[in-house]
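Numbers restart at 1 for each chain; the letters A, B, ... are given by sequence-line order, proteins then strands. Quick caveat, the model's predicted, so the values are computed rather than measured. Scope of the values below: all heavy atoms of this structure, side chains included, with no hydrogens, waters or symmetry mates.
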Number of protein chains: 2
Amino acid sequence: MRLVIARCSVDYAGRLSAHLPSATRLLLIKADGSLSVHADDRAYKPLNWMSPPCSLKETEDNLWTVTNKAGEQLIITIEEILHDSSHELGVDPGLIKDGVEAHLQELLADRMEVLGDGWTLVRREYPTAIGPVDILCRDSSGTVLTVETDSVPPRPRHWAVEIKRRATIDGVEQLTRYLEYLNRDTTLAPVGGVLAAQSIAPQARTLAEDRGIRCLVLDYDELRGIDKAEDRLF
Amino acid sequence: MRLVIARCSVDYAGRLSAHLPSATRLLLIKADGSLSVHADDRAYKPLNWMSPPCSLKETEDNLWTVTNKAGEQLIITIEEILHDSSHELGVDPGLIKDGVEAHLQELLADRMEVLGDGWTLVRREYPTAIGPVDILCRDSSGTVLTVETDSVPPRPRHWAVEIKRRATIDGVEQLTRYLEYLNRDTTLAPVGGVLAAQSIAPQARTLAEDRGIRCLVLDYDELRGIDKAEDRLF
DNA sequence: TATTTTATCTCGGTC
DNA sequence: GACCGAGGTAAAATA
């Protein structure tokens, strides 16, 4: 990573045309080849930038040209360099986001066994007319070897899983609506419901259980680590 | 602006919880009190940040705490500082997005009737694979009441408008490329072209009219004031 | 100042 | 590679 503080003007010609009049700014050149131009305000957004992959060419007359594959160009006219330093940062281990619904869904989808032995994912974001169900999965009831009888052989039962950071009455109502739709599909029915959340409001639990919806408290550390058999629903 | 290169770990507790394991990163502290944490990739986006207004508190045991009004916190544990410098940047004059053209676009978008009675804006900066079209709009041909016939009723026709301060051959070529792309979209086609500029180079006009592109000279004062019906295209 | 719309959105996931 | 949706969206335009 190279940090340059310089008085410069910048012209961008790409998806739009833009110009930065002369001023002192930070030029942030990253190891991935990207460059961004920062003013002394707005934490998040650079004034201008070029995303990788792109190449920086410094010509002797203090003209920097950053070009990407699409031919977009960032032209930086350097008037005075006030600071210039380079630093070796190495690869970043990256951000770990906790407790986001999407993340819980991801983790749970990867660890279907938390729901029960032999449970398998059908798909995440299973589409219905009223929106996607977080997770649709199957239990193992159809895979059990049984003695041949005249009765209909058992088949895997489907389950719709609604995931929340904190489950409330609203979540139960939402899952109930999904179940109503899913159970109209004769290739899926009967479909059971599971309400999975890091915490479940007492009234939500009461309503869910009253409607035959199973409740599962998700332990974040457990989802990331090894599941404990004794905590399984079945 | 203060630039710190440090080995650190970061925890964010706010709208979500997030954690950055120990690594060497750039801490970018801006004059507006904001802080952002950058790795050596992803030009645009910091790994983590706190937007202004917020306050940074450095405690003696190498713990930085950034807090905003909503009580969200960024906690940075500094393990080793490799670089620390401060720079006076002053106020930035800010980005100019193609000043005049943008202003003309704004004015014209507000006064679609300059193009013709009943013309309506679809959107400015209409995106295409090869860049945004200045203005996409519809004429009034579909809204005219007609005697019932067996023929397909007329529907509004789309128009792509390219705006320039001074239109040259390049502008015609640009608009031609946009039209080619837009006409591949069956929900839009047929899309007509309008070249609108404060002045139009003779060769540009010749080429445009040869390609069936309409030319419109924009009068800046007229756009700001009352349009004159006799100047309309239709 | 509060709300709505935009973005060179970015980023991830699915088809 | 496309398409779609979420984001600690952020930032700009608007009421």
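Within the model, atoms CG of B:Leu188 and NE2 of B:His158 stand 5.0 Å from one another, a figure rounded to the nearest 0.5 Å.
In this entry the distance linking CG of A:Asp11 with C1' of C:dT8 reads 15 Å, nearest Å. In this structure, the OH atom of A:Tyr12 is 12 Å from the C1' atom of C:dC9, given to the nearest Å. Rounding to whole angstrom units, CD1 of residue A:Ile75 and C1' of C:dT8 are separated by 16 Å. Protein atom CD of A:Gln105 is 11 Å distant from nucleotide atom P of D:dG7, rounded to whole Å. Across the protein-nucleic acid pair, A:Leu95 atom CG and C:dC11 atom P stand 12 Å apart, rounded to whole Å. A:Leu20 places its CG atom 13 Å from the P atom of C:dT8, with the value rounded to the nearest Å. When the P atom of C:dT5 is taken as reference, atom CG of B:Leu121 falls 14 Å away, rounded to whole Å. One can place CD1 of A:Ile96 at 17 Å from C1' of C:dG12, the figure rounded to the nearest angstrom.
Side-chain N or O atoms of A:Asp32 include none that pairs as donor or acceptor with a backbone N or O of A:Pro52 at under 3.5 Å. Side chain of B:Asn183 to main chain of B:Val191: a donor-acceptor pair is present (N/O by atom type, distance under 3.5 Å, no hydrogens or angles).
For A:Tyr44, the side-chain atoms get nearest to D:dA11 when compared with the rest of D:dA11, C:dT10, C:dT8. Counting only heavy atoms from C-beta on, A:Arg42 has its side chain closest to D:dA12 among D:dA12, D:dA10, C:dT10. Comparing D:dA11, D:dT9, C:dT8 against the side chain of A:Glu72 picks out C:dT8 as the nearest. Of the listed nucleotides (C:dG13, D:dT9, C:dT8), C:dG13 has the atom at the smallest distance from the side chain of A:Arg124. If you check C:dT14, C:dT8, D:dA11 against the side chain of A:Arg123, the one that comes closest is C:dT14.
A side-chain contact (heavy atoms from CB on, under 4.5 Å) with B:Trp64 is found for one member of B:Thr77, B:Ile29, B:Ile75 and no other, namely B:Ile29.
In terms of phosphate contacts, B:Lys45 brings no side-chain nitrogen or oxygen within less than 4.0 Å of OP1 or OP2 of D:dA10. Residue B:Trp49 places at least one side-chain N or O under 4.0 Å from the OP1 or OP2 atom of D:dA10.
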Test side chain to side chain contact (heavy atoms under 4.5 Å, CB included) on A:Leu82 and B:His87 and set out the steps.
-> CA-CA 9 Å; A:Leu82 302 163; B:His87 310 270; 5.6 Å; no
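Here B:Met50 lies in heavy-atom contact (under 4.0 Å) with a base.
Atom P of C:dT4 sits at a distance of 22 Å from the matching atom of C:dT8, rounded to the whole Å. Taking atom P in both C:dT10 and D:dA12, one finds a spacing of 16 Å when rounded to whole Å.
Nearest-nucleotide assignment on DNA chain C puts the 5′-proximal partner with A:Ser51, out of A:Ser51 and A:Glu125.
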